[in-house]
Amino acid sequence: MRMQNQRRVYGETLVELGRENKNIVVLDADLSKSTMSCLFEQEFPERFFEMGIAEANMISFAVGLSLTGKIAFANSFAVFSTGRPFDQIRQGVAIGKMNVKIIGSSAGLSDFGDGATHQSVEDIAIMRAIPNMTVISPCDAIETKKVVRFAAEYNGPVYIRVSRNDVPDIFPEDARFVIGKPVVLREGKDITVFATGTMVYEALIAADRLSGLGISVRVVNVSTLKPLDEESIIRLSEDVKGIITVEEHSIIGGLASAVTYALRGKGIPIKTIGINDEFGQSANTYDELLVHYGLTADNIIENAKALY
Amino acid sequence: MTIPQLEKKAKEIRLTIVKMVGPGKQGHFGGSCSIADVVAALYFYKMRHDPKNPKWPDRDRLIFSKGHAAIAQYAALGMCGYFPEKELWNLKELGSMLQGHPYLHKTPGIEANTGSLGQGLSMSCGIAAGLKIDKNRAPRVYCIVGDGELAEGQIWEAAMSASFYKLDNLTTILDYNKLQATGRIDERLNTNPVREKWEAFGWHTIEINGHDMNEIVESLDSAEKVKGKPSIIIAHTIKGKGIPFAENNAAFHNGVMTQEQYETALKILSEQGAM
Ligand SMILES: Cc1ncc(C[n+]2csc(CCOP(=O)(O)OP(=O)(O)O)c2C)c(N)n1
């Protein structure tokens, strides 16, 4: 199993895009060495804007750049790139459908040591609530690359969630990314697990182990959280005993909310795994935190058994 | 255009503002009338722009960071012919191209969505920086900010970035009318001293009487010649200028005219030879 770093691949993809398209511009708010937008800065200093620790200005400045035909990628940690400039995103980016891409780096609990202030449990919820916003949470480095390319080609606002840590490859290199399409990674007939981002891998492990117990689990990668393909969600839920959603995010406003809403009135048994309306905290390791909040294959297995 | 002609345009803008809003309806008279002279000088003297081709890449841009004063811009855009004059009379009606605040994709000639105060200057900086990347294009960016708006921290973030990136293709005009929505800035939340602040943030500053057309025109010309830093024209103005009952009256920030006041305003502005 190959591990790759999502944010490094993100930074490298920006550089590739920068070579192909001179309209790509990149902004950061003094976190370029963490978000890896520093790779773009090294190669294209004239198209990189260090905005200082001033996220509000960064977003509105990016809007201005987009108004001159640039494709602007604005970077910071997910807590800061969505939280601090919410109004700038809403008013400036979204209402006018500006060609601005907002990167939520070190998303979820992935900045494990820094604690609640730096761990984003509500970034997807905030971004999903905004009309005109596309919200994507890629599950591995390969998908990240495709998603960043999609964002550059798509003319409009996009939010991309990027983890800080190494994540296992799930997709083959030549996999295609189709916006809005949930991807069935593994077929199964008893339970469907809808997972997003880093939790997709946990879902696959759980499915493997459950098959040993005689429970057949379908695993679906829902990287596009908005627009959500409700039809596929329904189709992939109606032929099983129950479904589980898994996300490294609050159960409010993220995948759980989106999927349960899509399945409203269907009477399908649903379990939601995520962060239960609380903040994160510091830990020595990322895994420790995932265990603490139940974001593990083990917990998926327990929930699947309960549904079976 | 000569100075007297520009002065006439400014009066016409004020008259149009009064007619657009009409009696019995709320409108941002105060901050729109205070900046009317500057707006006239920009659209009818200074800016290179083409109402028949609003997206002409080489046009100069005007962004109202104090987006609530959009009616001053709408009046000028209508007078320039960006859209048929009749659109002016549909202001803020359902489906109208003239929204309560500037709306890029609905109104020809509007350059950015503003209305949430404090953001338009950052957008203007981004536009100025974007135009500088394409070095063959050197249009100018004009941005109008309010003195109450200066309380927004983002203004100063933008101010720092503009001087850091040497955005000398950006001229900001401060509508220094000393009033915000609820009263005098020095009694509500004092954003003074302004000139010293902008200088400390690395800007070239020019202080003028914002109702003196000669001074407006000269300051716009001289700002253009400054190299290596952005410029701000601190235009001393009177909120509600030209409408006696609105002048210096915070209550007319977003006021409603009675029928009587409406007729008074029309009479005074028409007598001044606006039309
Ligand atoms: C972020 C934000 N907060 C509040 C408002 C409501 N508001 C609209 S205009 C205004 C006062 C603006 O004062 P100033 O900048 O001095 O403008 P002027 O007096 O020239 O109209 C306020 C508080 C707003 N539009 N945006």
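Because the structure is a prediction, the values reported are computed rather than measured. Order of the sequence lines fixes the chain letters, A, B, ..., with proteins taken first and strands second; residue numbering starts at 1 for each chain.
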Among the options S124(B), G118(B), A129(B), pick out the one with the most heavy-atom pairs lying under 4.5 Å from chain A.
->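 Max contact count across the listed options: A129(B).
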**Request:** Report the option among G120(B), G126(B), G153(B), S116(B) that has the most heavy-atom pairs separated by less than 4.5 Å from atoms of chain A.
**Result:**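 Going by pairs under 4.5 Å, I would pick G126(B).
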Between [atom1] of [X] and [atom2] of [Y], what distance do you get to the nearest 0.5 Å?
X	Y	atom1	atom2	result
L65(A)	I127(B)	CG	CD1	9.0 Å
F49(A)	F164(B)	CZ	CZ	11.0 Å
N113(B)	I95(A)	CG	CD1	6.5 Å
C125(B)	N57(A)	SG	CG	6.5 Å
K22(A)	I133(B)	NZ	CD1	9.5 Å

Check your understanding: Would you say the side-chain atoms of D87(A) and Q119(B) include a donor-acceptor pair closer than 3.5 Å?
Key ->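 Side chains of D87(A) and Q119(B): pair found under 3.5 Å.
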Does any backbone or side-chain atom of [X] lie under 4.5 Å from a heavy atom of chain B? Answer side chain, backbone, both or neither.
X	value
E50(A)	both
Q91(A)	both
A56(A)	both

*asked:* Would you say that Q88(A) contacts Q154(B) through its side chain, given a criterion of any heavy-atom pair below 4.5 Å between the two side chains?
replied: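 They are in side-chain contact.
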